[in-house]
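We name chains A, B, ... by the order of the sequence lines, and we start the count at 1 in each one. Computed over heavy atoms, backbone and side chain alike; hydrogens, waters and symmetry mates excluded.
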Protein chains: 2
Amino acid sequence: MLDSIIPDPIREQCESKGGMKGIKKKLPGKKELGDQSQVFQALSDPLRLKILLAVVEQPLCVCLIKDILGGKVSDSKLSYHINKLKDAGLIVGERQASWIIYSPTKLGEEAVKVAGKL
Amino acid sequence: MLDSIIPDPIREQCESKGGMKGIKKKLPGKKELGDQSQVFQALSDPLRLKILLAVVEQPLCVCLIKDILGGKVSDSKLSYHINKLKDAGLIVGERQASWIIYSPTKLGEEAVKVAGKL
DNA sequence: TCACCATTTCAAATTTATTTGAAATAACTT
DNA sequence: AAGTTATTTCAAATAAATTTGAAATGGTGA
């Protein structure tokens with residue numbers, strides 16, 4: 001591949017990095033890519049992002065999350081999105097009497113710091 | 001809302017933060033949430049993540065990106081994914097003779113640092 | 001136990017994202 | 001100008017994510 005016709009400066013840069021083989025080796029494997037993209041996918045919806053940001057401000061039960069989102073979301077819809085965040089490991093829910101209180105995980109806290117930079 | 005029946009510790013914490021109103025005010029608006037989630041959505045696919053990581057290692061033309069991905073992607077598919085990254089502002093392409101060389105933007109570089117933490 | 005509230009689950013309908021293959025551009029070579 | 005290579009565009013097909021509404025679950029308190 002490196003010997004086919006490609007821009008000269010690129011070829012040189014590639015070779016100084018061990019060629020295509022060298023570059024490929026630095027990239028994460030299937031599992032790591034899959035895990036990371038699952039987290040990003042959980043963050044890829046404005047509603048979910050807002051939910052995460054909210055519980056980072058303050059752990060909340062589902063009904064208060066709903067209140068924050070402004071009434072335009074059904075319970076089942078909300079539950080679906082909460083689950084996506086949970087499955088991605090961004091939040092956890094703990095039962096307290098009738099309610100389930102959601103709070104961010106370590107990963108969830110990281111993620112919002114990160115979101116701020118983008 | 002704050003006066004309906006919810007767990008006591010939660011109510012107190014909320015009130016110390018200016019109530020639901022206070023919490024809502026700290027959350028980003030529609031535009032900001034939308035922009036951030038678009039970036040996350042671009043990162044939410046393993047193939048795209050790999051493309052971004054690759055061009056961060058080394059600016060590359062499409063054909064070399066294709067090589068890195070291991071031949072299992074068609075040109076049009078690859079082009080589609082590259083476009084998503086471009087639309088999200090994570091990479092830019094610059095023409096050099098016959099080729100278009102893709103490299104990360106500032107945002108793209110940030111994003112990969114971030115991915116490492118997740 | 002019964003009725004009630006908070007939340008989740010399920011399957012069907014809908015929307016959005018991705019894949020495919022063929023055709024279009026764009027720049028280089030002859 | 002015609003041919004070749006790199007890359008993109010387009011529309012149709014497929015697949016995946018989201019929304020909906022109804023029904024289920026699980027805890028609480030009379």
Side-chain angles (χ1 to χ4, degrees), chain A residues 1-8 10-11 34 37-51 55 59-88 91-103, chain B residues 1-8 10-11 33-34 37-51 55 59-69 71-88 91-103:
Chain A
M1 242 298 168
L2 263 181
D3 16 275
S4 74
I5 26 161
I6 49 174
D8 270 352
I10 300 291
R11 170 162 55 247
S37 58
Q38 192 202 357
V39 173
F40 287 129
Q41 133 77 205
L43 297 168
S44 74
D45 179 286
L47 192 66
R48 284 197 295 266
L49 205 43
K50 194 164 184 179
I51 294 171
V55 303
L60 293 165
C61 57
V62 176
C63 51
L64 287 181
I65 295 175
K66 188 174 179 180
D67 176 60
I68 284 189
L69 298 178
K72 32 185 176 290
V73 281
S74 67
D75 290 336
S76 68
K77 182 174 172 177
L78 183 46
S79 190
Y80 168 79
H81 288 291
I82 285 177
N83 247 319
K84 279 237 144 173
L85 291 169
K86 210 168 44 168
D87 290 348
I91 63 176
V92 286
E94 193 195 357
R95 183 135 225 153
Q96 273 179 40
S98 288
W99 301 272
I100 301 177
I101 309 297
Y102 285 97
S103 24
Chain B
M1 240 301 167
L2 264 182
D3 16 275
S4 74
I5 28 162
I6 49 174
D8 270 352
I10 300 292
R11 172 165 49 248
L33 285 171
S37 58
Q38 192 201 358
V39 173
F40 286 129
Q41 135 78 207
L43 298 167
S44 73
D45 179 285
L47 192 67
R48 283 196 296 264
L49 206 43
K50 194 164 184 180
I51 294 172
V55 304
L60 293 166
C61 57
V62 176
C63 53
L64 287 181
I65 294 175
K66 187 174 181 180
D67 176 60
I68 284 190
L69 298 177
K72 34 185 175 290
V73 280
S74 68
D75 290 336
S76 65
K77 183 175 173 177
L78 183 47
S79 190
Y80 168 79
H81 287 291
I82 286 177
N83 247 318
K84 280 233 144 179
L85 291 168
K86 211 168 41 168
D87 290 348
I91 63 176
V92 285
E94 193 193 357
R95 185 139 225 147
Q96 272 179 42
S98 287
W99 303 271
I100 301 177
I101 309 297
Y102 284 97
S103 24

### Query
Would a 4.5 Å heavy-atom cut-off, applied to side chains only, mark A:Cys63 and B:Ile6 as touching?
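Sidechains of B:Ile6 and A:Cys63: in contact.
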### Message
So A:Val73 and A:Ile65, do their side chains get closer than 4.5 Å, heavy atoms only?
### Response
no
Between [N] ([atom2]) and [X] ([atom1]): distance, integer Å:
{"X": "A:Lys84", "N": "D:dA17", "atom1": "NZ", "atom2": "P", "value": "5 Å"}
{"X": "A:Ile82", "N": "C:dT9", "atom1": "CD1", "atom2": "P", "value": "11 Å"}
{"X": "B:Glu94", "N": "D:dT7", "atom1": "CD", "atom2": "C1'", "value": "16 Å"}
{"X": "A:Phe40", "N": "D:dA16", "atom1": "CZ", "atom2": "C1'", "value": "20 Å"}
{"X": "B:Ile91", "N": "D:dT7", "atom1": "CD1", "atom2": "C1'", "value": "13 Å"}
{"X": "A:Gln38", "N": "D:dA16", "atom1": "CD", "atom2": "C1'", "value": "14 Å"}
{"X": "A:Asp67", "N": "C:dT7", "atom1": "CG", "atom2": "P", "value": "12 Å"}
{"X": "A:Ile101", "N": "C:dA6", "atom1": "CD1", "atom2": "C1'", "value": "11 Å"}

### Task
Keeping the roles fixed (side chain from B:Ser79, backbone from B:Asp75), state whether a donor-acceptor pair exists under 3.5 Å.
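Checking the backbone N and O of B:Asp75 against the side chain of B:Ser79, no donor-acceptor pair under 3.5 Å is found.
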### Task
State whether the side chain of A:Ser44 and the backbone N or O of A:Gln41 hold a donor-acceptor pair below 3.5 Å, judged by distance alone.
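Judged by distance alone, yes, a pair lies under 3.5 Å.
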### Task
Go through the structure and list residues passing side chain to side chain donor-acceptor pair (under 3.5 Å) with A:Lys50, not counting sequence neighbours.
none
### Message
Side chain of B:Trp99 only, heavy atoms from C-beta on: which candidate in D:dT18, D:dA6, C:dT7 is closest?
### Response
D:dA6
Examine [N]: is either OP1 or OP2 under 4.0 Å from a nitrogen or oxygen in the side chain of [X]? Give yes or no.
{"X": "A:Tyr102", "N": "C:dA6", "answer": "no"}
{"X": "A:Asn83", "N": "C:dT7", "answer": "no"}
{"X": "A:Gln41", "N": "D:dT18", "answer": "yes"}
{"X": "A:Lys66", "N": "C:dA6", "answer": "no"}

### Task
Take nucleotides 19-30 of chain D nucleotide by nucleotide from the 5' end and write B, S or -, depending on whether a protein heavy atom sits under 4.0 Å from the base, only from the sugar-phosphate, or from neither.
BBBB----SS--
### Task
Before accepting this row, confirm whether a basic side-chain N of the pair B:Arg11/B:Asp8 lies closer than 4.0 Å to the acidic partner's carboxylate O.
yes
### Message
Which is more 5' along DNA chain D, the nucleotide nearest A:Arg48 or the one nearest B:Asp75? Just name the residue.
### Response
B:Asp75
### Query
Sequence neighbours excluded, which residues qualify as side chain to side chain contact (heavy atoms under 4.5 Å, CB included) partners of A:Ser98?
none
